[in-house]
Each structure stands twice: as structure tokens, then as C-alpha cells.
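Working notes for the structure below.
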Amino acid sequence: MDFTFSPEHRALRRMIREFVENEIAPLAAELDRTHRVPFETMRKLGEVGLLGVCFPQEYGGMGAGEIGYCILMEELNRVCTSTGTNVGAHIGIGAMAIYLDGNEEQKRKYLTPLARGEKIAAFGLTESGAGSDAAAIRTRAVREGDSWILDGGKVFITNGGYADIVTVMAVTDPALGARGGVTAFIVETQWPGFKVAREEDKMGIRGTSTAEIVFEELRVPHENVLGKVGEGFITFMKALDMGRLTLGAACIGGAEMALESAVRWAKTRKQFGVALAHKQAVQWMIANMATEIEALRSLVYRVAWMVDTGQPFTQLAAMCKLYGSEVASRAIDMALQIHGGLGFTRDFPIERGFRDARIGEIYEGTSEVQRIVIASNIFREHGVRIRP
Amino acid sequence: MRAIVVLGRVLDPAGIVVNRRAGRIFVNREEYILPPADRCALEAAMRIKDATGCEVIALPRALFPDDDVLRQALAIGADRAIYLSGRGPDCADDAFMASVLAAAIRQLGGADLVLTGATTLDTGWTQLGPRLAEILDWPQILDAWQVEVQDSMTVVQAVVPADGGYALAEADLPALVTIAAGALKLRYPNGVRLINVYRGIGAVAEALERWEWQTLLEERPTPVLERRGQEFPPERERGVRVSGSAAEMARAVAGALRQRLGR
Ligand SMILES: Cc1cc2nc3c(=O)[nH]c(=O)nc-3n(C[C@H](O)[C@H](O)[C@H](O)COP(=O)(O)OP(=O)(O)OC[C@H]3O[C@@H](n4cnc5c(N)ncnc54)[C@H](O)[C@@H]3O)c2cc1C
């Protein structure tokens with residue numbers, strides 16, 4: 001067993017740390033206040049290669065693997081959950097679906113510009129009637145010669161308001177449903193029939209675009225079918241496995257930020273004649289936060305290593321996301337408590353962190369759904385089939 | 001044209017805590033960084049490369065236990081880097097290193113320009129550049145904020161502090177220029193180069209050479225410094241708060257200064 005990061009991953013973290021401190025941290029408060037997506041950050045991240053961090057170099061990526069990608073997500077979320085989310089939707093699910101199941105031609109045409117950050121991706125799964133129950137989607141794709149005609153729409157799509165490419169899941173055979181009747185498509189948002197219907201106004205991650213998108217007789221060439229016709233559900237679930245792992249990594253960053261600020265404040269703030277650090281109630285909160293963060297870190301990077309070494313990890317990815325989002329929420333809650341009244345004001349970034357952390361327990365599968373995934377995997381080994 | 005950039009490493013100050021009472025420096029995180037002035041020198045070298053297409057070769061400013069700074073330079077865009085291996089004297093000071101570097105430059109077949117940081121962050125040594133220029137018998141420009149090589153590639157121009165302002169200094173190539181900390185913002189490394197150079201694959205990794213420093217010189221250079229021990233500098237005195245109108249405060253400050261200077 002060797003738990004050390006390789007020299008390239010240490011160097012990558014150093015580079016990313018410097019980048020986020022200089023280019024991203026100074027914008028975080030403003031993005032939140034003005035509800036603005038930082039396009040300039042996405043461009044800069046692309047220029048240095050970070051938007052292709054985990055993809056192979058032959059497709060314009062950096063080739064730093066899943067561990068490299070987890071480092072990126074951790075460091076981004078240390079300073080700005082919004083930017084972390086934009087990047088996560090782009091790399092972790094949008095482009096990831098093309099990387100996992102795209103053919104050579106699709107990888108050259110779509111993955112390469114995505115990895116270089118010349119184009120931005122989104123991942124279109126959720127619909128108004130299909131959230132946790134993703135198999136209940138209604139967006140329809142009907143074959144017409146060499147094309148498919150898409151009708152329907154998606155809601156809550158991160159990057160949806162400005163993405164160039166959206167991977168979309170649509171029903172191709174209603175009789176078969178999720179088992180054989182659902183197909184994934186690569187959709188260019190410039191094609192006629194693609195529309196952005198509305199942008200959500202959110203409590204947190206306000207530097208992200210969460211959009212409703214609509215397809216009206218949108219013609220998609222057959223060559224843009226991602227993976228096999230009828231197997232879209234598998235493609236999407238595989239992408240979500242990756243997304244969930246890296247969301248766990250993102251949560252390490254958020255929780256670390258909370259711990260760092262809590263420690264700083266406990267050292268500075270004096271009450272009853274001493275710094276808060278000398279109060280056991282505060283010490284215990286700090287100790288709990290630090291312990292949970294370390295446990296999360298061990299879990300996340302072990303699973304990232306499993307991905308890079310080709311081992312199955314679905315069940316563990318759900319654990320990363322479940323545990324990560326809850327650790328991050330608890331950490332920021334304790335950090336806010338340690339900051340007292342000031343933590344509740346907009347003068348401190350804790351308040352933003354508190355609002356930003358909440359989404360972790362909801363998107364890419366709620367905590368309840370993660371528990372269902374974990375439990376059904378456990379029970380399956382014992383011959384019991386769980387239905388969500 | 002060929003530019004050499006000489007780079008060092010220092011312990012990241014963010015990872016250490018100085019405890020005066022215990023008379024010790026506690027290292028919480030042993031991480032090394034490029035010192036600020038060397039970062040600027042590397043950026044200056046890259047800008048000259050952008051402008052002239054010159055070759056950039058990175059050399060270490062000391063005999064380091066590993067080649068990390070050189071890999072960083074390659075990731076940023078240096079064409080070659082040479083790690084100097086082998087045990088040096090106990091106090092491998094700037095005088096010693098200047099001789100070693102001069103020998104390395106000779107071994108490379110010479111260069112047109114040497115850039116390095118004006119000072120390091122840990123020891124505060126400033127003599128490496130000037131001593132190296134002396135040995136090479138080249139002109140030197142110190143503490144530059146900006147460097148440019150003329151189109152003719154025979155002259156280097158640099159902006160240097162002078163009399164409370166700035167002056168434009170000029171030297172015929174080959175020359176040596178030291179760069180002030182904070183002068184330039186170092187660009188980010190290229191992701192692919194970074195991964196490949198640290199993983200040891202591809203052309204960028206092959207651009208890192210290892211030379212045994214002792215093979216470069218016939219005679220072992222002697223350092224001028226000798227390490228006798230280490231001590232904290234004297235504790236800084238508390239300042240005095242002045243108040244009142246601007247004129248009163250100015251008078252108080254002037255009075256205090258006069259008293260200090262004994263005038
Ligand atoms: C900011 C944001 C960004 C998003 N980005 C994307 C994106 O890029 N792409 C995309 O496709 N989607 C995206 N989503 C959608 C997100 O994944 C869904 O919101 C999420 O999966 C939950 O679905 P829902 O909102 O319909 O909630 P519902 O499914 O209606 O769930 C409501 C509640 O019921 C619980 N629940 C549901 N079923 C069960 C069950 N069987 N047992 C126990 N409890 C259950 C849930 O856990 C939850 O607490 C995003 C959402 C948000 C808010």
C-alpha cells in the first residue's frame with residue numbers, strides 16, 4: 001500500500017493551487033453577488049490544459065487521470081464552488097460521457113475541443129417529471145433516415161445556458177423504457193430547434209448557469225448517437241459514477257475551506273479572556289471536522305486510484321458523493337457556528353459557503369438516491385433486489 | 001541565441017512557523033518553491049524566448065538534492081535543463097556556485113544572456129549574479145524590472161531602479177541580468193508538459209540532463225563563507241504611534257528620525 005501522491009500529481013496540485021488563488025478566488029464573492037458565470041475563468045482553465053485534465057493527451061487532454069481530476073475539483077472548490085460546478089459539469093459528466101462511450105470519430109470531433117476548453121459541455125438528463133427517477137424521462141427521439149428528431153426538454157442543466165455541446169438522453173423505444181429504449185445523443189446547441197427556455201435563480205452556486213433547455217424538432221445526425229442505440233441509460237450512469245466520485249473530491253475542498261477559516265477564527269477571536277481555540281466545545285468541532293475530512297480524502301483518492309487502475313467502483317462512487325456532501329455540509333455548518341454572528345453576515349465567505357454546500361446533497365443524485373444505490377448493491381450480493 | 005536562466009528553491013514560508021522563544025523554526029510542511037526573484041527571471045527568459053525564438057536553458061543556483069526546480073522550468077517552457085549532481089562543500093555559497101555555473105556554461109559552449117533572480121528568499125544572498133558575470137568577464141545589469149533583447153540580438157536593455165526612479169540600462173551581449181522580485185508575473189506551466197516532465201515521458205523529459213558538477217572543473221572552487229552557527233536576528237523594536245494633524249505627525253516623525261540618526 002502506498003498512499004503518496006506521485007511527483008506529477010504533486011506538481012499538478014501546486015500549479016492548480018497557484019492558478020485558483022490568483023485567478024479564481026478573487027472572483028468568488030462577486031460571482032455570487034451578481035449571479036454571473038465566469039466565462040473568462042473557463043477560457044483561462046482551458047488555455048493551461050486544465051479542462052482536459054483527465055483525458056488522454058491524444059484527445060487534447062493533459063493525461064493526469066482521475067486522480068488529477070480529483071485534485072482539480074478539490075482545489076477549485078476550496079475557493080469557489082460555482083467554478084467547481086461549472087468545471088464538474090463540463091468535464092465530469094458532459095465531456096466524460098463522450099470520453100467513456102464515444103467512438104474514435106466523436107472523440108476527435110467533440111472531446112478534443114472540449115478538453116482544450118474551446119467548447120463547453122453540459123449533461124442533459126433531468127426532466128421536470130424525471131429527477132431521482134431518471135428512467136422516467138419523456139424526451140423523445142424518432143429515427144428519420146440518417147437522423148433522429150428530438151422533441152422534449154431538460155431542466156436544471158448546469159452550463160445549459162451557454163454550453164456548445166450537450167449530451168442528451170432521450171427515449172428511442174417507449175416500449176422498452178430504460179432497459180434498451182433510451183439512447184444518448186451528442187447535441188450541438190447551435191442546431192435549429194435547440195432553445196434555452198429559462199435560467200434558475202438559486203440560493204447557492206450563483207456563479208453557475210442552471211437552465212431549462214428545449215428541443216423542438218431538433219435534427220441530430222445518426223453519427224451523433226453516443227454509444228449504442230438503446231444503451232443510453234448505461235452511458236449516462238457510467239458518466240454519473242465518475243461525476244459522483246469527483247463531487248466527493250469537490251467536497252473535500254469545500255470542507256477544507258471551512259476548517260481553515262474556523263481554525264483561523266478560533267485563533268483570533270477572544271471571549272472570556274482567551275482565544276476560542278482554548279474552549280473545548282470549539283476544539284471538538286475542529287477535531288470532528290478534521291477527522292471527517294481525512295476519512296473523506298482517503299476514500300476519494302482510493303476510489304480515484306481504482307478508476308485509474310481499471311477496477312469497478314460504482315458503489316464506492318456513491319459513497320464518495322454521499323459522505324462527501326454530508327461532510328462538507330457539516331463542516332461549513334460548524335465553521336459558521338464558530339464564527340458566531342459574523343459567520344451569518346455577508347462580510348464573511350462562510351455564509352456563501354453555507355449556501356453553496358447545500359446543493360451537494362441534491363444534484364447528481366440526492367443523498368437518498370446514493371443510499372439506495374449503496375444499499376441495493378449490498379443487498380444484491382445477498383440475493384435481495386431493492387427497488388427505489 | 002541562447003539564454004540561460006539560473007533558478008533556486010526555498011522552503012515555502014507558508015509551511016513554517018518561527019518560534020523565537022524556543023529559538024527554532026518549525027517546519028510543518030516541507031515544500032519548496034521557486035524564490036520570487038527567480039520566478040521573475042524565468043518569466044523574463046520566457047518573454048525573451050517569445051520575442052526572439054531563443055533557446056532557454058535552466059541551471060540550478062545551488063547543488064540541490066533533487067531536480068524539481070528544473071522540471072518546473074521545463075514545464076513552463078524551457079528548452080533544456082541541467083541538473084548538477086554531486087556533493088558540494090558544507091557551505092556552497094554564491095562564490096562557489098558562480099565558479100561551478102561558469103564551468104557549466106563553458107561546457108554548454110557558451111551563451112548570450114544569463115538571467116537570474118537578484119536575491120533569494122531564505123539567505124538573502126545577492127552575489128551569485130555579479131560573481132558569475134565577473135568570472136565570465138561579461139557586463140552585468142542588476143535588479144532589473146524589465147528586460148528586452150534588441151532585434152539585432154547584440155544588445156540587452158533593462159529597466160533598473162535609479163535615484164528613486166528608473167533608468168534604462170544597456171549592455172552588449174553576452175551579458176548577465178538579475179531580475180528583481182515582483183517584477184513580472186510568472187506564467188502557468190503547460191499542463192501536458194507538466195505531466196510529461198514529472199512522469200518522465202516524451203521530449204520534455206529528455207530535455208532534462210544530469211551533469212556531475214565535479215567533472216566540469218579541474219580545481220574545486222573554495223567558498224568564501226563558512227558556517228559557524230545560526231542565530232535569530234535581534235528582536236525588532238516596537239514602533240511609536242503618532243497622532244494629531246498631518247503637520248504635527250510629520251513633525252513628530254521628523255523629530256524621531258533626527259534623534260535616531262543622531263543629528
Ligand atoms: C443546481 C442544480 C444543478 C443541476 N445540474 C444538473 C445537470 O447538469 N444535469 C442534469 O441532468 N441534472 C441536473 N440537476 C438535477 C438534479 O440532478 C436533480 O435535481 C436531482 O437528481 C433530484 O431530482 P429532483 O429535483 O427532481 O427531486 P425529486 O426526485 O423530486 O426528489 C425530491 C425528494 O424526494 C426524495 N426521493 C425521491 N425518490 C426517492 C426514493 N425512491 N426514496 C426516498 N427518497 C426519494 C429525494 O431524495 C428528494 O429528497 C441539477 C439540479 C440543480 C438544483
Side-chain angles (χ1 to χ4, degrees), chain A residues 4-24 26 41 43-69 71-72 75-76 78 87 91 112 114-118 256 260 263-264 267 290 308, chain B residues 7 9-15 17 19 26 28-36 38-40 42-43 46 50 58 64-78 81 83 182 184-205 207-208:
Chain A
T4 50
F5 282 104
S6 66
E8 71 260 27
H9 286 131
R10 281 203 299 273
L12 179 68
R13 188 185 292 277
R14 180 164 57 192
M15 164 195 180
I16 297 174
R17 177 69 62 104
E18 193 179 318
F19 186 95
V20 302
E21 295 288 351
N22 290 336
E23 314 292 337
I24 298 178
T41 305
R43 184 179 46 73
K44 286 183 195 166
L45 281 161
E47 278 167 10
V48 293
L50 287 172
L51 290 185
V53 62
C54 52
F55 300 127
Q57 292 178 2
E58 68 252 45
Y59 302 117
M62 198 187 263
E66 197 64 14
I67 293 180
Y69 180 30
I71 291 172
L72 174 65
E75 293 294 329
L76 285 174
R78 246 187 85 245
V87 171
I91 305 180
T112 305
L114 291 174
R116 294 204 181 113
E118 294 155 4
E256 268 174 345
E260 281 169 28
V263 169
R264 242 190 339 261
K267 256 171 57 180
D308 284 341
Chain B
L7 303 170
R9 62 165 211 182
V10 289
L11 255 182
D12 184 352
V17 175
N19 189 327
F26 292 92
N28 299 327
R29 214 163 25 85
E30 191 182 350
E31 289 235 16
Y32 292 87
I33 56 167
L34 275 173
D38 286 352
R39 289 171 66 90
C40 301
L42 180 53
E43 178 60 26
M46 293 312 300
D50 292 343
F64 296 121
D66 63 47
D67 53 19
D68 190 63
V69 288
L70 301 161
R71 287 186 201 264
Q72 285 188 57
L74 288 168
I76 294 275
Y83 173 66
L184 303 164
K185 179 175 178 255
L186 178 59
R187 63 194 62 193
Y188 298 105
N190 170 284
V192 172
R193 288 180 73 94
L194 178 99
I195 293 299
N196 289 356
V197 75
Y198 278 94
R199 202 172 272 169
I201 52 176
V204 63
L208 177 59

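Computed from a predicted model, the values in this text were never measured in an experiment. Lettering follows sequence order; numbering is per chain, from 1.
No salt bridge links B:E31 with A:R17; every basic N to acidic carboxylate O contact stays at or beyond 4.0 Å.
Heavy atoms closer than 4.5 Å to chain B are found in both the backbone and the side chain of A:E18. In this structure, no portion of A:R10 lies under 4.5 Å from any heavy atom of chain B. Contacts between A:L50 and chain B at a heavy-atom distance below 4.5 Å are absent for every atom of the residue.
Atom CZ of A:R14 is separated from atom CG of B:D68 by 4.5 Å, given to the nearest 0.5 angstrom. The distance from the CG atom of A:L12 to the CD1 atom of B:I195 is 5.0 Å, given to the nearest 0.5 Å. Atom CD of A:E8 sits about 10.0 Å away from atom CZ of B:R71, to the nearest 0.5 Å.
In this structure, A:A11 and B:Y198 approach most closely via the heavy-atom pair CB-CE1, 3.3 Å. Closest non-hydrogen pair, A:M15 versus B:L194, comes out as SD-CD2, 4.0 Å.
Taking 4.5 Å as the limit, every side-chain heavy atom of B:Y188 sits out of range of all side-chain heavy atoms of A:K44.
Ranked by heavy-atom pairs under 4.5 Å with chain A, the list B:I33, B:N190, B:V197, B:N196 is led by B:N196.
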